[in-house]
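The block underneath contains the structure these notes are about, expressed in structure tokens.
Bear in mind that the values here come from a model prediction, so they are computed numbers and not experimental data. Every heavy atom of this structure was used, including side-chain atoms; hydrogens, water molecules and symmetry mates were not.
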Amino acid sequence: MTDPKRIYLDYAATAPMLDAAKKACTEGFELWANPSSPHGDGRAAQSMLENARRRFREALRWDGDVIFTSGASEAIQIALTKSKPATQFVSPVEHDVVLRFAQQARTIPVDGNGMVMPTNLNHLLKGTEGPALVAIQSVNNETGVMQDMDALAKVVRDRGSHLLADCSQSVGKLPLPDADLIIVAGHKFGGPPGVGALLVKDLRLLQADGGQEQGYRSGTQNLPYILGMTAALEAPANWAGRAAELRQHLDDAIRKEGGAVIADKAPRIATIASYHMPGVAANTQLIKFDMAGFSVSAGSACSSGTLKTSHVLEAMGTDPQVAREVIRVSIGRDTSRAQIYAFIDKWKSIFAEARRA
């Protein structure tokens with residue numbers, strides 16, 4: 001159980017499970033049969049699985065197919081390694097997992113805010129023979145920058161190509177983009193960790209070589225966690241306005257104290273922001289915040305344990321010294337005004353201590 005005395009501001013890494021998700025998981029644990037088994041118990045589990053799939057599609061207003069996975073990473077792997085287009089384009093500010101599975105992909109340039117310009121994408125696709133797969137994150141997991149997915153999707157469509165949108169940070173917060181493949185991570189919006197989904201507009205885009213999920217993945221479906229993720233997705237999400245107010249207050253306070261907001265001029269989601277504390281290394285900040293009872297991070301949770309400079313900030317052309325002094329704060333449905341005020345006070349204290357030293 002999380003220490004109630006601590007202040008958790010790392011929702012972009014993972015969000016706490018909602019009570020509705022816990023309840024659904026517990027109910028799912030009673031359905032221990034394999035959904036692929038032909039007997040009565042297996043058929044009952046399969047019925048529950050397909051009911052969850054229907055509810056999942058309805059909650060997202062998605063009229064395509066849903067492939068349940070073990071998380072966003074597996075969904076990304078399937079999308080990038082089993083999609084039929086031979087040519088792939090990837091933005092350099094994508095999540096580490098995307099870059100890992102798309103090492104042969106061509107890079108889409110971004111501007112100083114990490115934005116993909118539709119004109120640049122159009123120019124790249126114009127010189128491509130045949131359809132390509134274009135991978136672009138809807139919301140950056142480090143900076144919170146929101147891509148103009150409507151404009152980018154139109155470019156991709158007009159060029160006869162296919163769009164893969166990593167929506168791990170935006171599902172449950174923003175409408176789905178008009179994409180052919182969409183990545184979903186259950187633990188980002190209050191579901192359990194270890195479960196996710198790949199939304200597919202047309203299954204003919206993928207090669208089928210698995211055993212489960214209509215032949216597009218292998219492995220027994222995690223029915224309890226699928227039920228939990230679906231319940232979390234159905235839970236009311238009426239806290240976006242409050243999150244925007246809290247993030248704006250935090251932005252203003254950081255600027256006032258001499259810090260900087262990363263990608264300040266770009267459209268950003270209300271729940272994620274990165275801040276630069278001049279002259280104080282990110283690792284030093286993390287240690288001091290942690291000792292004071294604050295949970296924040298530096299960059300992606302999947303790579304924050306390393307000493308590497310953020311590839312996202314590097315792609316944006318951020319000065320390397322500045323990049324080493326940036327931390328990420330992310331807000332969730334349980335974040336309070338008092339918690340944000342407490343974080344600001346600690347930020348000011350750490351910065352003042354560093355300047356005195």
Could you list the donor-acceptor pairs under 3.5 angstrom formed between side-chain atoms of residues 75-85 and any protein atom two or more places apart in sequence or on another chain?
{"unit_1": "T81", "atom_1": "OG1", "unit_2": "Q77", "atom_2": "O", "d": "2.5"}
{"unit_1": "K82", "atom_1": "NZ", "unit_2": "D209", "atom_2": "OD1", "d": "2.7"}
{"unit_1": "K82", "atom_1": "NZ", "unit_2": "Y216", "atom_2": "O", "d": "3.3"}
{"unit_1": "S83", "atom_1": "OG", "unit_2": "A79", "atom_2": "O", "d": "3.0"}
{"unit_1": "K84", "atom_1": "NZ", "unit_2": "R204", "atom_2": "O", "d": "2.9"}

I need the minimum non-hydrogen distance between R268 and T143, along with the two atoms involved.
CD-O, 3.8 Å

Below 4.5 Å, heavy atoms only, C-beta onward: do V145 and I269 meet side chain to side chain?
no

Heavy-atom closest contact (I67 atom, R217 atom, distance):
CG2-CD, 4.4 Å

Are the side chains of M316 and I262 in touch, meaning some heavy atoms are under 4.5 Å apart?
yes

Look up atom CG in L313 and atom CZ in R324, then write down how far apart they are to the nearest 0.5 Å.
11.5 Å

Within 45° cone of F351 ring axis and under 6.0 Å: R355 NZ or CZ
yes

CZ of R333 to NZ of K173: how many Å apart, nearest 0.5 Å?
8.5 Å

ILVMFWY cluster membership beyond L223 - transitive side-chain contacts under 4.5 angstrom:
F29, L31, M48, L49, F56, L60, W62, V66, F68, V171, L176, I182, V184, F189, V195, L199, Y225, I226, L227, M229, L233

Is V155 linked to V93 within one hydrophobic cluster, defined over Ile, Leu, Val, Met, Phe, Trp and Tyr using a side-chain heavy-atom separation of less than 4.5 Å?
yes

Taking all atoms of both residues into account, what is the closest heavy-atom pair of G71 and T69, and its distance?
O-OG1, 2.7 Å

Check whether R43 reaches the backbone of S36 with its side chain - one donor and one acceptor, N or O, closer than 3.5 Å.
no

Close side-chain approach of K126 to R159, heavy-atom, < 4.5 Å
yes

Would you name the heavy atoms of Y11 and D334 that are closest together and state the gap between them?
OH-CB, 3.5 Å

Look at the rings of H249 and Y341 and say which category their plane angle falls in: under 30° parallel, 30 to 60° tilted, over 60° perpendicular.
perpendicular

Regarding K23 and D19, does a basic nitrogen lie under 4.0 Å from an acidic carboxylate oxygen?
no

Looking at every non-hydrogen atom in both residues, tell me the closest pair between H187 and P193 and how far apart they are.
CB-CA, 3.7 Å

Could you give me the CA-CA distance, side-chain angles and deciding distance for T220 and N34, then say whether side chain to side chain donor-acceptor pair (under 3.5 Å) is met?
CA-CA 7 Å; T220 302; N34 190 323; 3.3 Å; yes

Using salt bridge (Lys or Arg N to Asp or Glu O under 4.0 Å) as the criterion, point out the one residue from R54, R55, R61 that pairs with E58.
R54

Does some side-chain heavy atom of F294 sit less than 4.5 Å from a side-chain heavy atom of R6?
no

Could you walk me through whether I340 and I7 pass side chain to side chain contact (heavy atoms under 4.5 Å, CB included), step by step?
CA-CA 9 Å; I340 294 297; I7 294 177; over 6 Å; no

Separation between OG of S330 and CZ of R247, rounded to the nearest 0.5 Å:
12.0 Å

Nearest heavy-atom contact between A315 and V110 is O-CG2, 3.6 Å

Between L181 and L133, is there a side-chain heavy-atom distance shorter than 4.5 Å?
yes

M149 side chain reached by L163 side chain, heavy atoms, under 4.5 Å
yes

So K201 and D178, do their side chains get closer than 4.5 Å, heavy atoms only?
yes

Quick one: are F289 and I327 in side-chain contact, heavy atoms under 4.5 Å?
yes

For side chain to side chain contact (heavy atoms under 4.5 Å, CB included), just list the numbers for Q137 and Q147, CA-CA rounded to whole Å, side-chain angles, deciding distance to a tenth of an Å, and then say yes or no.
CA-CA 7 Å; Q137 202 176 32; Q147 299 288 351; 5.7 Å; no

With side chain to side chain contact (heavy atoms under 4.5 Å, CB included) as the test, would you mind laying out the steps for Q339 and L246 before giving the verdict?
CA-CA 10 Å; Q339 290 175 330; L246 294 177; over 6 Å; no

Same hydrophobic cluster for V261 and W347, using side-chain heavy-atom links shorter than 4.5 Å among ILVMFWY?
yes

Below 4.0 angstrom, N of the basic side chain to O of the carboxylate: do R53 and D65 qualify?
no

Run the numbers on L206 and L198 for side chain to side chain contact (heavy atoms under 4.5 Å, CB included), then give the verdict.
CA-CA 11 Å; L206 301 176; L198 174 63; 4.1 Å; yes

Would you confirm whether Q285, through its side chain, and V280, through its main-chain N or O, come within 3.5 Å as a donor-acceptor pair?
yes

Show your reasoning for whether side chain to side chain donor-acceptor pair (under 3.5 Å) applies to S170 and S138.
CA-CA 7 Å; S170 60; S138 62; 2.7 Å; yes

Residue set satisfying side-chain contact (heavy atoms from CB on, under 4.5 Å) with D158, at least two apart, ordered chain then number -> K154

Flag the pair R157 and D180 as a salt bridge only when some basic side-chain nitrogen lies within less than 4.0 angstrom of an acidic carboxylate oxygen.
yes

